[in-house]
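Numbers here simply count residues along the sequence, with the first being 1.
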Amino acid sequence: MKDLQLSNHLEESLEMLQALNEEGLMIVPAIPTKQMIQAAKELCNLSEADIRRLYFAMTSFADEGIPPITN
């Protein structure tokens, strides 16, 4: 019975992700990954700090409260 519950939860989760996708939305990491930062560096001439600030501004819809850059 437990496997059936997990399967139902998984199916519901996948349906929710599909609904988001149909609306043009997606779930992204709260903090950009190393691969995301590297891809941004290859596309534009920005520092890693600027890329992180841009990412946080985009995902928070504001430039207030952006956490400091830590390496």
For Tyr55 and Ile31: C-alpha separation, side-chain torsions, deciding distance, then whether side chain to side chain contact (heavy atoms under 4.5 Å, CB included) applies. CA-CA 8 Å; Tyr55 186 84; Ile31 298 172; 5.9 Å; no
Measure the spacing between [atom1] of [X] and [atom2] of [Y] and express it to the nearest 0.5 Å.
X     : Y     : atom1 : atom2 : answer
Asn21 : Leu14 : CG    : CG    : 12.0 Å
Arg53 : Ser47 : CZ    : OG    : 10.0 Å
Thr59 : Leu54 : OG1   : CG    : 9.5 Å

pair Val28-Met26: side-chain heavy atoms closer than 4.5 Å: yes
Could you go through Asp50 and Glu48, starting from their C-alpha distance and side-chain angles, then the distance that decides it, and tell me whether this counts as side chain to side chain contact (heavy atoms under 4.5 Å, CB included)? CA-CA 5 Å; Asp50 286 340; Glu48 182 173 336; over 6 Å; no
So if you build clusters from Ile, Leu, Val, Met, Phe, Trp, Tyr with side-chain heavy-atom gaps below 4.5 Å, do Leu43 and Met36 land together? no
Hey, mind stepping through Leu20 and Met16 against side chain to side chain contact (heavy atoms under 4.5 Å, CB included) and telling me if it holds? CA-CA 6 Å; Leu20 287 171; Met16 291 173 76; 5.7 Å; no
For Lys41 and Gln38: C-alpha separation, side-chain torsions, deciding distance, then whether side chain to side chain contact (heavy atoms under 4.5 Å, CB included) applies. CA-CA 5 Å; Lys41 282 182 176 181; Gln38 185 58 40; 4.2 Å; yes
